[in-house]
Trainee: 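The structure is given below, and queries will be raised subsequently.
This one's a predicted model, so the numbers in the text were calculated from it and none came from an experiment. Lettering follows sequence order; numbering is per chain, from 1.
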2 protein chains.
Amino acid sequence: MDRWGVARQTVQNAIDQLRTEGLVGSRPGRGWYVAERPAIRRLARNRLSKAERDAGRGAFLSDAAQGGWRPDVSVEVRRQPADDRIAGILDLAGDVAEVVVRAREMRADGRVVQLATSYFPAGIAAGTAIEQPDTGDGGVYERLEELGFRLTHFEEAVNARPARPEEASGLGIPAGYPVLAVTRVAWAGDRAVEVNDMVLAGDRYELVYTLPAD
Amino acid sequence: MDRWGVARQTVQNAIDQLRTEGLVGSRPGRGWYVAERPAIRRLARNRLSKAERDAGRGAFLSDAAQGGWRPDVSVEVRRQPADDRIAGILDLAGDVAEVVVRAREMRADGRVVQLATSYFPAGIAAGTAIEQPDTGDGGVYERLEELGFRLTHFEEAVNARPARPEEASGLGIPAGYPVLAVTRVAWAGDRAVEVNDMVLAGDRYELVYTLPAD
DNA sequence: CAGTGGTCTAGACCACAAA
DNA sequence: TTGTGGTCTAGACCACTGT
């Protein structure tokens with residue numbers, strides 16, 4: 001205010017802009033400070049290979065072991081009617097198309113860093129280990145293979161969008177701050193067996209994909 | 001103001017929040033309106049395969065042909081000393097490590113939708129077609145192959161972050177609005193031959209990766 | 001010209017933190 | 001207690017739009 005000869009609200013608005021750009025943060029009563037660039041976690045996407053899955057632990061847990069932070073996952077499993085989008089991807093017909101839903105919240109040292117919601121056709125997953133909170137070694141993909149669905153490939157669609165208010169409070173970022181939204185579809189031949197919607201705190205993550213040149 | 005019994009500034013702040021979340025837009029003198037969800041362009045990433053490259057046109061132009069919009073690319077080529085990050089990735093030694101830079105701005109029907117800046121070691125690209133604005137059929141990757149660099153794979157690192165002010169005005173989005181930042185590294189064996197930094201308007205794009213299951 | 005969005009000021013109140 | 005950040009109000013001016 002002194003330096004530029006402007007009103008308090010004007011400074012406040014300026015700082016609010018910097019906040020939405022992720023450049024400053026503040027704590028009431030303390031002050032405002034230049035934001036620290038959070039450590040970026042690189043998530044290699046070749047972790048979906050069968051060899052890696054056979055190693056046992058899920059991707060999140062091996063990341064934790066490597067990164068030296070304390071992982072913590074809470075799971076909620078339920079059944080519900082599939083909405084249009086999910087029904088479309090999983091190619092479910094009929095008006096009572098039901099899906100098994102696994103909603104997970106992943107925390108690193110107590111902070112929520114990732115939300116993931118998986119959908120499976122109830123015809124495949126109902127009554128199996130997939131409906132258990134703990135799905136055991138290799139996770140749901142191994143369980144799908146045991147059920148006779150030989151996974152052939154995954155498709156991941158990535159986009160960046162502003163965090164919705166619920167997501168923002170969950171992930172501990174300002175509302176509207178960028179998140180990575182990833183939709184993964186697991187395929188067994190030409191049959192889609194899982195849709196996984198993931199939301200990751202934007203610049204705290206980096207997804208790394210390796211693509212063959214030929 | 002009438003409905004909630006609040007001051008004008010309060011409404012303004014509320015609307016500003018919605019704007020940063022991409023939900024509303026406004027034009028001075030006209031009013032504010034619910035933002036239309038822009039059509040999402042799906043960018044399949046298998047387009048980097050040799051077979052696709054042999055087809056001739058660059059990825060951006062074939063997207064345009066498929067999507068029915070008018071493509072428009074402006075290119076600026078220059079040489080400059082490599083900064084630490086680029087030198088690190090390209091494994092350039094010495095204090096005079098120079099790179100050839102291709103800075104491109106891609107427009108769809110006149111609107112900037114993507115910014116891309118490529119870096120090549122000057123030792124490889126200087127004096128070649130890579131320094132020409134138009135690199136010819138198959139683009140820079142074909143030129144690299146002709147120079148004896150057999151491309152083996154690409155690595156793409158994706159993250160989401162707030163748009164920097166220059167990027168925001170370039171891409172026609174509010175400052176701080178999410179962008180997808182993709183860094184692609186092209187490898188010929190164990191040698192990195194190109195670094196390409198791309199910035200895409202966040203929720204206008206969806207990057208699709210296909211991953212093998214084994 | 002009136003109505004709109006955008007921005008600024010000055011003053012006020014609250015919650016929180018540190019001395 | 002004092003200083004901080006966060007938020008709100010009331011009033012003002014400007015630029016732009018459409019009648």
Trainee: Just so I know, are the side chains of B:Asp91 and B:Arg191 near enough to count as touching, which here means a heavy-atom distance under 4.5 Å?
Mentor: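 When only atoms from C-beta onward are counted, B:Arg191 and B:Asp91 do not touch, as no gap falls below 4.5 Å.
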
Trainee: If you look only at pairs with a residue in residues 87-122 of chain A, which of them pass as a ring-ring contact (aromatic ring centres under 6.0 Å, His included), with sequence neighbours excluded?
Mentor: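 Not a single pair qualifies under ring-ring contact (aromatic ring centres under 6.0 Å, His included).
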
Trainee: Starting at CG of B:Leu115, measure out to CG of B:Asp197 and round the result to the nearest 0.5 Å.
Mentor: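 So the gap between those two atoms works out to 11.0 Å.
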
Trainee: Quick one: which residue pairs count as a ring-ring contact (aromatic ring centres under 6.0 Å, His included) with a foot in residues 64-114 of chain B, not counting sequence neighbours?
Mentor: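 Output for this query lists B:Phe60-B:Trp69.
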
Trainee: B:Arg102 side chain to B:Gln132 main-chain N or O, any donor-acceptor pair under 3.5 Å?
Mentor: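 Yes, B:Arg102 side chain to B:Gln132 backbone: donor-acceptor pair under 3.5 Å.
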
Trainee: Between which nucleotides of DNA chain D, read 5' to 3', does contact with chain A run, using atoms under 4.0 Å from its heavy atoms?
Mentor: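 First-to-last contact on DNA chain D, by the 4.0 Å heavy-atom rule, is D:dG3 to D:dC8.
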
Trainee: Determine to 10° how strongly the helix from C:dC1-D:dG18 to C:dA18-D:dT1 is bent, judged from the axes of its five-pair ends.
Mentor: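 Axis angle across the helix from C:dC1-D:dG18 to C:dA18-D:dT1, nearest 10°: 0°.
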
Trainee: B:His153 vs B:Trp187 aromatic rings, parallel, tilted or perpendicular, using cut-offs 30° and 60°?
Mentor: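 If you compare the ring of B:His153 with that of B:Trp187, the planes turn out parallel.
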
Trainee: By nearest nucleotide on DNA chain C, pick out whichever of A:Val11 and B:Ile15 is the more 5' one.
Mentor: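 In this pair, the answer is B:Ile15.
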
Trainee: Checking B:Tyr209 against B:Val158 for the side chain to side chain contact (heavy atoms under 4.5 Å, CB included) test, could you report, in this order, the C-alpha distance in whole Å, the side-chain angles of both residues, the deciding distance, and whether it holds?
Mentor: CA-CA 11 Å; B:Tyr209 296 90; B:Val158 184; 3.4 Å; yes

Trainee: Spell out, as yes or no, whether a donor-acceptor pair under 3.5 Å connects the side chain of A:Arg143 to the backbone of A:Asp137.
Mentor: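 Between the backbone of A:Asp137 and the side chain of A:Arg143 there is a qualifying donor-acceptor contact (under 3.5 Å).
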
Trainee: Would you confirm whether B:Arg161, through its side chain, and A:Glu21, through its main-chain N or O, come within 3.5 Å as a donor-acceptor pair?
Mentor: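 Not at all, since once roles are kept as given, no pair shorter than 3.5 Å links the two residues.
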
Trainee: Within residues 16-34 of chain B, which residues have any heavy atom lying less than 4.0 Å from an atom of DNA chain D?
Mentor: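 Those residues whose heavy atoms fall under 4.0 Å from DNA chain D, taken from residues 16-34 of chain B in numerical order, are B:Pro28, B:Gly29, B:Arg30.
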
Trainee: Using residues 5-13 of chain B as the side-chain source, report each donor-acceptor pair under 3.5 Å to any protein atom, sequence neighbours left out, with the distance given to one decimal.
Mentor:
{"from": "B:Gln9", "atom 1": "NE2", "to": "B:Asn13", "atom 2": "OD1", "distance (Å)": "3.3"}

